[in-house]
**Student:** 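Here you go, one structure.
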Amino acid sequence: MKESDRRRRHRDERRATAQRTTRFRTAPFVRDGIPASTVHLPIGGWATVLDALCARFPNIERARWLDRIARGAVLDAAGRPFAVDATYAAGLRVHYFREVVAELPIPFAETIVYADASLVVVDKPHFLPVVPGGERVRETLLTRLIARFDNPHLVPLHRIDRATAGLVMFSADPATRAAYHALFGERQIVKRYDASAPPLPEQRFPLLRRSRIEGASDFFRMCETAGAANSETTIAVVATEPNRWHYALAPVTGRRHQLRVHMAALGAPIENDPWYPALQPAAPDDPTRPLRLVARSLEFTDPLDGSRRRFDSARSLSGPAT
């Protein structure tokens, strides 16, 4: 097989994978702006769907599942509410709506940078999660955007940490989603982040950091390990001050927490990072001390019309969160 044919086949396979992935990620049902979560029931000997859900989610009391079912908040694959005595079957698809009692508001607003029928680009504030999870359901970027645009088909094409501010791209139309998603899989998106961190006078810049990043002992953290590199970041210095430097970070890969791990491993953890290099005691969000990391720009060739696009964040790298 010719090298050009091999590359073309590899590209087509990645696009097909991206298309399957984005179809799966599309929320099939939305209620009050909140997309439904989906679970496939595991193999087991339960009599009812209720029993299987209680086993699958042991931290959620049975009484809460009973209440959700009674309110029609647990749905089958067709969107019909399950009865409380619905029969269990292995692999059964169940849609349910996450709920958090007394969810605290996040007092920072997102800014719409660009929007058309296929694409939405948003400038996210610090502390706002991109998607629902844990203690955040309503106060997430996705939930806000679904309500704002009245579009249940919105899904993020990539994600940034809750602590990170800056640009996030969303697909607004399932028909064009795979084309945009493939840009990330094929590394056709030029991404730049800005960070504030301690000086690294012993290093020569621009610097290329390549390493293997895997999950740490804490399930939510990552760490560098021995082995073949699976992450790559180009790091440049933009400006210097006596106690901190302004860095431009260009990730080639998109490993979880990649920029935070790479900077910490170099001996310059990003300012106000509570997780790297060492985990700090849990504390409420402090608007005066946000993580000094901003997803500054995204640049790519639009797969629909071939135009060159560039979007920039207006978020500050210094000062309080906004």
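Keep in mind it's a predicted model, so treat the numbers as computed, not measured.
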**Student:** If hydrophobic residues (ILVMFWY) are linked whenever their side-chain heavy atoms come closer than 4.5 Å, directly or via other members, who joins V74 in its cluster?
**Tutor:** V39, L41, W46, V49, L50, L53, F57, I60, W65, L66, I69, F82, V84, Y88, L92, V94, Y96
**Student:** For A182, does its backbone N or O pair with a side-chain atom of Q188 as donor and acceptor, under 3.5 Å?
**Tutor:** no
**Student:** Is there a path from V237 to L317 through hydrophobic residues (I, L, V, M, F, W, Y) whose side chains come within less than 4.5 Å of each other?
**Tutor:** no
**Student:** Check whether any side-chain heavy atom of L200 sits under 4.5 Å from a side-chain heavy atom of E202, and report yes or no.
**Tutor:** yes
**Student:** Describe, in one word, how the ring planes of F311 and F300 are oriented to each other, choosing from parallel (under 30°), tilted (30 to 60°) and perpendicular (over 60°).
**Tutor:** tilted
**Student:** Using 0.5 Å steps for rounding, measure from the CG atom of L249 to the CG atom of L293.
**Tutor:** 6.5 Å
**Student:** Please check: side-chain N/O of D161 versus main-chain N/O of A163, any donor-acceptor pairing under 3.5 Å?
**Tutor:** no
**Student:** Let's go through V137 and E103 carefully: what are the C-alpha distance in whole Å and the side-chain angles of both, what is the deciding distance for side chain to side chain contact (heavy atoms under 4.5 Å, CB included) to 0.1 Å, and is it a yes or a no?
**Tutor:** CA-CA 8 Å; V137 174; E103 183 176 352; 3.8 Å; yes
**Student:** Do S307 and D305 have side-chain atoms, one donor and one acceptor, less than 3.5 Å apart?
**Tutor:** yes
**Student:** So, the side chain of T87 versus the backbone of T48: is there a donor-acceptor pair under 3.5 Å, distance only?
**Tutor:** no
**Student:** Can you name the nearest heavy-atom pair linking P156 to R159, along with the distance?
**Tutor:** CG-NE, 4.3 Å
**Student:** Side chains of N243 and P199: closer than 4.5 Å at any heavy-atom pair?
**Tutor:** no
**Student:** Please check if atom CD in E61 has more than 12 non-hydrogen atoms from other residues, nucleotides or ligands closer than 6.0 Å.
**Tutor:** no
**Student:** Could you give the distance from CD (Q258) to OG1 (T233), rounded to the nearest 0.5 Å?
**Tutor:** 3.5 Å
**Student:** Ignoring hydrogens and geometry, is there a side-chain-to-backbone donor-acceptor pair from S316 to G319 under 3.5 Å?
**Tutor:** no
**Student:** Do side-chain atoms of K124 reach the backbone of T164 as a donor and acceptor pair under 3.5 angstrom?
**Tutor:** yes
**Student:** Taking the six-membered ring for Trp and the single ring otherwise, decide whether the centroids of H257 and Y276 are under 6.0 Å apart.
**Tutor:** yes
**Student:** So Y247 and Y193, do their side chains get closer than 4.5 Å, heavy atoms only?
**Tutor:** no
**Student:** Is a donor from one side chain sitting under 3.5 angstrom from an acceptor on the other, for S196 and H246?
**Tutor:** no
**Student:** Do M263 and I235 pass the side chain to side chain contact (heavy atoms under 4.5 Å, CB included) test, and can you show the C-alpha distance, the side-chain angles, and the key distance before you say yes or no?
**Tutor:** CA-CA 9 Å; M263 291 300 292; I235 304 169; 3.9 Å; yes
**Student:** Does D218 CG have over 12 foreign heavy atoms under 6.0 Å away?
**Tutor:** yes
**Student:** The test is side chain to side chain contact (heavy atoms under 4.5 Å, CB included); show your working for F170 and V130 and say whether it passes.
**Tutor:** CA-CA 10 Å; F170 286 77; V130 173; 4.2 Å; yes
**Student:** Restricting to non-hydrogen atoms, name the atom on T288 and the atom on D286 that form the minimum distance, rounded to 0.1 Å.
**Tutor:** OG1-OD1, 2.6 Å
**Student:** For the pair T253 (side chain) and R255 (backbone), establish whether a donor and an acceptor sit closer than 3.5 Å, ignoring hydrogens and angles.
**Tutor:** no
**Student:** So, for V120 and A172, which heavy atoms are closest and what is the spacing to 0.1 Å?
**Tutor:** CG2-CB, 4.3 Å
**Student:** Same hydrophobic cluster for F127 and L142, using side-chain heavy-atom links shorter than 4.5 Å among ILVMFWY?
**Tutor:** yes
**Student:** With the threshold set at 4.0 Å, does a side-chain nitrogen-carboxylate oxygen contact exist between E241 and R244?
**Tutor:** yes
**Student:** Quick check on side chain to side chain contact (heavy atoms under 4.5 Å, CB included): which of K191, R310, R192 does L298 satisfy it with?
**Tutor:** K191
**Student:** Quick one: pull up CG in N230 and CD in E214 and give me the separation to the nearest 0.5 Å.
**Tutor:** 5.5 Å
**Student:** Between CG of L291 and CH2 of W275, what distance do you get to the nearest 0.5 Å?
**Tutor:** 10.5 Å
**Student:** Looking at R93 and D76, does any basic side-chain N land under 4.0 Å from a carboxylate oxygen?
**Tutor:** no
**Student:** Please assess V131 against T140 for the test side chain to side chain contact (heavy atoms under 4.5 Å, CB included), listing each intermediate value before the final yes or no.
**Tutor:** CA-CA 6 Å; V131 298; T140 71; 5.8 Å; no
**Student:** Using a strict cut-off of less than 4.0 Å between a Lys/Arg side-chain nitrogen and an Asp/Glu carboxylate oxygen, indicate whether R162 and D285 qualify as a salt bridge.
**Tutor:** yes
**Student:** Would you say the side chain of L259 lies within less than 4.5 Å of the side chain of P251, judging by non-hydrogen atoms?
**Tutor:** yes
**Student:** Looking only at atom types and distance, does a side-chain atom of Q280 sit under 3.5 Å from a main-chain N or O of A278, one as donor and one as acceptor?
**Tutor:** yes
**Student:** Taking all heavy atoms of V30 and all of P35, pick out the closest pair and write down the distance.
**Tutor:** CG2-CA, 4.0 Å
**Student:** Could you check whether the rings of F205 and W245 sit parallel, tilted or perpendicular, using 30° and 60° as the cut-offs?
**Tutor:** perpendicular
**Student:** V252, I213: one ILVMFWY side-chain cluster at the under-4.5 Å cut-off?
**Tutor:** no
**Student:** Count I, L, V, M, F, W, Y as connected when their side-chain heavy atoms are under 4.5 Å apart, and connections chain through other members. Are V121 and L304 then in the same cluster?
**Tutor:** yes
**Student:** Is the shortest heavy-atom distance from the side chain of Y180 to the side chain of L119 under 4.5 Å?
**Tutor:** yes
**Student:** So which atom in H158 and which in L167 form the shortest heavy-atom distance, rounded to 0.1 Å?
**Tutor:** CE1-O, 3.6 Å
**Student:** Just checking, is any N or O donor in the side chain of S313 or D123 under 3.5 Å from an acceptor N or O on the other one?
**Tutor:** yes
**Student:** Could D67 and R71 be called an ion pair, given the rule that one side-chain N must be under 4.0 Å from one carboxylate O?
**Tutor:** yes
**Student:** If the threshold is 4.0 Å, N to carboxylate O, is there a salt bridge linking E139 and R144?
**Tutor:** yes
**Student:** I'd like to know whether CD of E135 has more than 12 heavy-atom contacts from other residues, nucleotides or ligands below 6.0 angstrom.
**Tutor:** no
**Student:** State, with a plain yes or no, whether a side-chain heavy atom of Y114 is found less than 4.5 Å away from one of V122.
**Tutor:** no
**Student:** Indicate yes or no: does D194 engage R292 in a salt bridge with an N to O separation below 4.0 Å.
**Tutor:** no
**Student:** Please confirm whether the backbone N or O of P277 pairs with a side-chain atom of R221, one donor and one acceptor, at under 3.5 Å?
**Tutor:** yes
**Student:** Between R309 and E299, does at least one N-O distance fall below 4.0 Å, as a salt bridge requires?
**Tutor:** no
**Student:** Could you measure the distance from the CD atom of E99 to the CZ atom of R31? Nearest 0.5 Å is fine.
**Tutor:** 9.0 Å
**Student:** Under a 4.0 Å N-O cut-off, is there an ion pair linking E232 with R209?
**Tutor:** no
**Student:** Is a side-chain N or O of H95 found less than 3.5 angstrom from the main chain of G79, in a donor-acceptor match?
**Tutor:** no
**Student:** Are any of the side-chain nitrogens in R148 or E110 under 4.0 Å away from the carboxylate oxygens of its partner?
**Tutor:** yes
**Student:** Do we see a donor-acceptor contact under 3.5 Å between the side chains of R308 and T301?
**Tutor:** yes
**Student:** First locate atom OG1 of T234, then atom CG of L208, and finally report the distance between them rounded to the nearest 0.5 Å.
**Tutor:** 5.0 Å
**Student:** Do V261 and F220 share a hydrophobic cluster, counting only Ile, Leu, Val, Met, Phe, Trp and Tyr and linking them when any side-chain heavy atoms are less than 4.5 Å apart?
**Tutor:** yes
**Student:** I want to check something: taking the side chain as every heavy atom from C-beta on, are I112 and L145 in contact at a cut-off of under 4.5 Å?
**Tutor:** yes
**Student:** Mind listing the closest non-hydrogen atom pair of T322 and R315 along with its distance?
**Tutor:** O-NH1, 2.8 Å
**Student:** Would you say the side-chain atoms of R212 pair up with the backbone N or O of A228, donor to acceptor, closer than 3.5 Å?
**Tutor:** yes
